[in-house]
Amino acid sequence: MKIAVYPGTFDPVTNGHLDIISRSSKLFDKVIIGVLHNSAKTPLFSVDERVNILKKATENISNVEVRSFEGLSVDFAKACKANVIVRGLRLITDFEYELQMAQTNRKLAPDVDTTFLFTSLQYSYLSSTTVKEVAEFGGDISEFVPGFVADAIHEKLKK
Ligand code: ADP
């Protein structure tokens, strides 16, 4: 069975992430989304909230699972018995960082390989950070995230 992990912060999940998840679910028998608990960052949503949002957003894809993790992506992959890490590539600017991380991960765990999926064109500009910024200044985010995620963002920003 080909198991892949898709690690990230997902604060919160966007339609760009969901596109990568849906496409990778067709390439692998199982895709385990890893929601990173990173104590160095202050996310808008807690790790449990991000996990629950992702569970709801992917409930129609039967071979996708959502878990949280701390530490190295390669260790998370091993714990999931996965030998593939999926990452999404948007612009050239993603490339340098992703290449460096893939090569570091390969050094740490030669049995775990990184696969990149290029973003679908219509999502190439999309990031969790810009979605939060647009929402904060009252812009329309309905094309960037699922409706219930937009509601959750607005609710959070009210507090
Ligand atoms: P991280 O903090 O690890 O970069 P993110 O949640 O920002 O976590 O992103 C997780 C993965 O999803 C990364 O590989 C990132 O490049 C990819 N990604 C983010 N936004 C998009 C998008 N709009 N289209 C395709 N891939 C994306």
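Counting starts at 1 for both ligands and their atoms, in listed order.
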Distance col, row N63:CG vs F28:CZ, nearest 0.5 angstrom, shows 11.0 Å

Using a 3.5 Å cut-off and no angle test, enumerate the donor-acceptor pairs between side-chain atoms of residues 69-84 and protein atoms at least two apart in sequence or in another chain.
none

Under 4.0 Å from ligand 1, residues with heavy atoms, in chain and number order, are Y6, P7, G8, T9, F10, G16, H17, I20, K41, R87, G88, R90, D94, E98, T119, Y123, L126

Atom pair CG/OG of L27 and S22 - distance to nearest 0.5 Å: 9.5 Å

Among V149, T14, T130, V131, which residue satisfies the side-chain contact (heavy atoms from CB on, under 4.5 Å) criterion with I141? V131

Under 3.5 Å, is there a donor on one side chain and an acceptor on the other for T9 and D11? no

Could you tell me whether K156 and E49 have a side-chain N and a carboxylate O separated by less than 4.0 Å? yes

